[in-house]
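Order of the sequence lines sets the chain letters (A, B, ...), proteins ahead of strands, with each chain counted from 1. Side-chain atoms are counted along with the backbone in the values below, which use heavy atoms only and exclude waters and symmetry mates.
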Amino acid sequence: MKLKTLMAVTASAAALMTSAAMADTTLNALFMSQAAYSEDNIKSMTASFEAANPGTKVDLEFVPYEALHDKIIAASGAGDDGYDVVLFDVIWPAEFAERGFLTDVSDRVAADLTSKIFDGAWTTVEYDGKRYGMPWILDTKYLYYNTEILANAGIETPPETWDEVLEQAKVIKDKGLVEYPLVWSWSQSEAMICDFTTLTAAHGGSFFDNGKPAFETGGAKAALDYMKTSLGDGLTNPSSLEYFEEDVRRVFSAGDAAFAMNWTYMNSLVNDPNESQVAGKVGVMSAPGVDGVSEASAVNGSMGLGIPSNSPHADQAWAFINHLTNQSTQEEFANLSLPIWKASYSQSAVTDGQEDLVAAADKSIAVMYPRPLVASYTEVSSILQKHLHGSLLDQTTSEEALANAAKRVARIR
Amino acid sequence: MSAISRSREKWVLLFPAILVLSLITVLPFLQTVWTSFTDAEITAREQQVNWIGLENYIWALTDPDFLEALGRTMYFTAVSVGLEGVLGIAVALLLNQKFRGRWFLRVIIILPWAVPTIVNAVAWRLIYHPDYGALNSLLLQLGFIDSYTSWLGDPDRALNMVILADVWKNFPLVAYIALAAMQTIPGDLLKAAAIEGAGAWKRFRSITLPWIIGPMLVVLILRTIEAFRVFDIIYVMTRGGPSDGTKTASFYVYQEYFSYLRSGSGASYAVVVAGISAVLILAYYAGIRRDQRGA
Amino acid sequence: MTNNLQKKERTAVSSNPILAVENLSKSYGDLRILKDVSVAIEAGDFLVLVGPSGCGKSTLLGCIGGLTEITSGNIQIDGQDVTHTDPAKRDIAMVFQSYALFPNMSVGDNIGFGLEVRKVPKTERDEKVNQVAELLKIEPLLDRAPAQLSGGQRQRVAMGRALVRDPKLFLFDEPLSNLDAKLRVTMRTEIKRLHQRLNASIIYVTHDQIEAMTLATKIVVMKDGVIQQVGSPREIYDTPANIFVADFMGSPAMNILDADVTMDGLMARVEIAREDGQEPLILYDTNPGEGITSRPAGPLKVGLRPEALTDLGSRSVNADQQFDCLLDVVEPAGSDTFAVIRLGGTEVTARMHGDVDVNSGDTVPICFDLTKISYFDPKSGERL
């Protein structure tokens, strides 16, 4: 008698579990720790998704930017146990598409979405005519400036060209207001390439021309010279060569810099009295251009959400992505990352309190310049990082550095 | 039991261990060597893997950047192991003296080694921070520097600072082994030397050092092999920068695999690094054998 | 160049003893190892420190050598106060129980180590090493490593190392304890021969009282950090200062019995009780010392060496008192036969000639010789 009851109980438990298992899907999602939105923001977005989709759970994982690329690669070999949704940087679709790490979702995207979302945003997820995800974080670097320091220096309007940035910095330095008015994220990392790209775009340069390196001369060289000059003249904080974006924010928030280039996320944080000592004294504008060459400059630093090719839950993953990227979610968190939807920019919920940023975004997003869209970009970037960094450390002239980099890039297998 | 069946029994008993060892080490190693002769890449798509012979190796060994990295790795290994040896023996000598609270020192000295490499690396990176690092603060207060310096910002200096962090973590192992060896020295030996007029340095040179050289060589080999393959501390502290100043040979393996997704090429770099490690091991081994035979 | 190993003319350059230890005390915290020890020797003396384990003899040697710091007192070597001097500067050499040969050097380098440290030029150093090696008959071993030598050979090398520097004082710390019995006897003779040949001043520590008796010119018996007696071997043997010395030195040990001693005219009447209702043994000492004559009558402890109780056939002229005794146990030992007799409440050993034909349980006449009898206070154990 006892044995029969035991078997009955076991059988029904098994039945319950399997049916529960079939109904419940758990998605593994990989995000970045300081990407525009905070971890809490993403958790609340996820919670609302789970509430709207009972039976689907999402396990969130946050990693620093530097680890994101490697984790996606490593997980691609994990079969069913890999990720279902991943956040990827604008520089990776070429590489990931070539190697089939991401699912082609061109067919999943509704036809009318194309016109509703910025073109610049779409380039984030496109390669070779196909789409590999949904753009999620539309981001570029803006020029932030400390209004109080500028006022004390007698500067009435913020700079309109990059040369003016240097001039104004010199004035501020000579007046003894700040020892190093400019601070950048120039550690040997992708962060430095972002700044280099912005300056290259401003000076009208390019990376490749018909597949051959074109950065030894022209705008790219001018960009490197600009960076070196700002260091040589004592206008750029020499510690910038070790800094990442968080360091830039820290220095700027402490009032130890007059100008700083950084992503959208910094805007709300430097105006938060709990995080910053310069709250309320911050101006934000699109990065300036170069006289006769450009009006403004910006680097495309956006990120998208994609589905790894080895995910067994593509449908639920796509549903999750849609939830995160839909207009209402984007508008809800608009103060951390500007929406990809054109319509959002007329909503007061989006523009309120950050008119400057929106105006800057308007200008910058239109001129977002991509980094080379090649499958071997990681290697190109790595080579450029090494040689640029060496030149900034004054080990080589800009000619030498770029020539060496070009030579090395030509040798990429 | 006859000699033959005893020998066979030995192999039967060893077989499970040999099997496991082969599966974990030999097979993956052979697979890596195989891959190093191909143009395999990391991709989710179907790929045709071609045999390309020594092409990967020629590429690696003629790459000036990699050769520089090899040189850098040799420098790192020599300096860090050397410092660990000297510091370890010095600390062991200290801990071998009688003084109050010696037991306490002996216990806490192991702490740096017990800390995980990553934690050690993060801690030292903070200490070296150009804006709020403890090292800058301390040196400034002591008057050794005029203003806060960037320790990891200059390529050469960065490598040396990483070496310091690595030595800090690893010297306790050397110290403990040296101390254990020193404690086996018969007291009479040192007393006899003292009576013969040998001062502290001479006693160390003529008696202590030769006595502990055996275990010391063993631990220094271990450290040499580990130092040659150094990766985590570099990855955490500097990511190979500045200007590739701290990129060691292992970093190239990581780069080829994870950043550039070339598994064939990565395998060849890995085999080169392993090969040089093997040469180092053999050299040490030959050195010990010669030393033992001569004794 | 004179051969410095020739016998030194010990003309008194100074009237100082070669070693003078005054009121030396050594304590480790509350534990007192040496208590107010004083001893002195002249040049050419062979002083043996002997006593049971833990008596402090090795510690004393260590203090003299400068390896152990003393708590109070002072030490002078050849008139110079060396209490706080480095061992290296006391002009002493030490031979350890474990030999303490440096394992990574050859025999030649071991011997010459002290000279090398003192920067003696190589040719001179080699010459001295060869001289010493010749003396100790270890020339063929000069290039070997210590690990390749036997115990006896290592012993010689250790001695060679001490000899080569020709120090004022040699310190030996139980050097023969690690050798087997036969080798020990051989080496003992070697050491004695060396002492005579070089007229060296030696301080020698041992727990073996036979070594002490055979080697020493002067013996210091120690117990619990206190010197029990200092004297020549004969003095220690014949006139032990207390029961401990009497019992410790000599093999087999001196017999210590209870006795009732009264004066009978000029003689001392020694009455020793016996068991089983037997009549007590009455012995007469014709020449008792001051300590007895001035003492009131009463129970004492008396000491008689086994050779003072012999059989009829081996007795000497002085063994003129004879009594029948029951032999409990008979132990033939080759040239002697020892018999155990119950006397004075204890077991007493008699030494008889090896050829005597007796068995356990026999009652035989035993001759007593009281010329060297010792009297001890029953409470303090001191000699009377």
Side-chain angles (χ1 to χ4, degrees), chain B residues 85-86 89 92-93 96-104 177-221 284 286-295, chain C residues 28 58 61-62 64-69 82 85-106 109-120 125 144-148 154 157-165 167 169-175 178:
Chain B
V86 169
I89 293 182
L93 278 173
N96 207 23
Q97 308 297 318
K98 283 193 179 33
F99 58 89
R100 261 239 186 114
R102 171 174 78 168
W103 66 270
F104 179 69
I177 304 237
L179 182 61
M182 277 180 204
Q183 290 181 328
T184 63
I185 300 180
D188 283 350
L189 225 49
L190 292 167
K191 283 188 200 161
I195 288 193
E196 294 298 320
W201 173 250
K202 180 84 174 135
R203 289 202 295 274
F204 173 73
R205 263 291 278 111
S206 301
I207 299 174
T208 310
L209 196 57
W211 188 276
I212 66 174
I213 205 81
M216 281 286 94
L217 266 177
V218 171
V219 75
L220 289 177
I221 294 181
Y284 262 120
I288 297 185
R289 289 280 292 276
R290 194 176 356 119
D291 184 62
Q292 277 182 350
R293 233 180 285 128
Chain C
Y28 287 105
S58 287
L61 193 74
I64 295 173
L67 297 170
T68 314
E69 257 196 55
V82 298
T85 319
D86 254 358
K89 299 196 177 63
R90 294 192 187 198
D91 200 9
I92 54 166
M94 194 152 165
V95 179
F96 293 84
Q97 183 178 356
S98 65
Y99 320 128
L101 299 183
F102 307 127
N104 55 305
M105 301 179 203
S106 70
D109 287 337
N110 258 285
I111 296 178
F113 184 75
L115 299 175
E116 189 207 329
V117 166
R118 286 173 170 81
K119 302 213 179 7
V120 171
R125 207 176 359 157
R144 299 230 196 125
Q148 300 167 311
R154 290 185 202 179
V157 175
M159 295 209 299
R161 189 170 65 190
L163 287 171
V164 83
R165 277 196 296 116
L169 211 52
F170 289 89
L171 304 179
F172 286 76
D173 190 357
E174 303 206 45
N178 287 0

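Looking at C/Asn104, its side chain never comes within 3.5 Å of a backbone N or O of B/Trp211 through a donor-acceptor pair. A donor-acceptor distance shorter than 3.5 angstrom exists from the side chain of C/Arg118 to the backbone of B/Glu196, with no hydrogens or angles considered.
Residue-environment remark: CZ (B/Phe104) stays at or below the threshold of 12 foreign heavy atoms within 6.0 Å. Heavy-atom contacts from other residues, nucleotides or ligands closer than 6.0 Å to CZ of B/Arg102 number more than 12.
When heavy atoms are compared at a cutoff of 4.5 Å, B/Lys191 approaches chain C by way of both its backbone and its side chain. Using a 4.5 Å cut-off between heavy atoms, C/Leu171 makes no contact with chain B at all. Heavy atoms closer than 4.5 Å to chain B are found in the side chain of C/Glu116, but not in its backbone.
To the nearest 0.5 Å, atoms CZ (C/Phe102) and CG (B/Leu189) are separated by 6.0 Å. Going from atom CD1 of B/Ile207 over to atom CE of C/Met105 covers 6.0 Å, rounded to the nearest 0.5 Å.
Note on B/Ala193, B/Gly187, B/Pro186: by heavy-atom pairs under 4.5 Å with chain C, the leading option is B/Ala193. Each of C/Gln97, C/Arg161, C/Met94 has some count of heavy-atom pairs under 4.5 Å with chain B, and the biggest count is that of C/Arg161.
Here the closest heavy-atom approach between residue B/Asp188 and residue C/Ser98 is recorded as OD2-OG, 2.7 Å. Here the closest non-hydrogen pair linking B/Gly197 and C/Ala88 is CA-CB, 3.2 Å.
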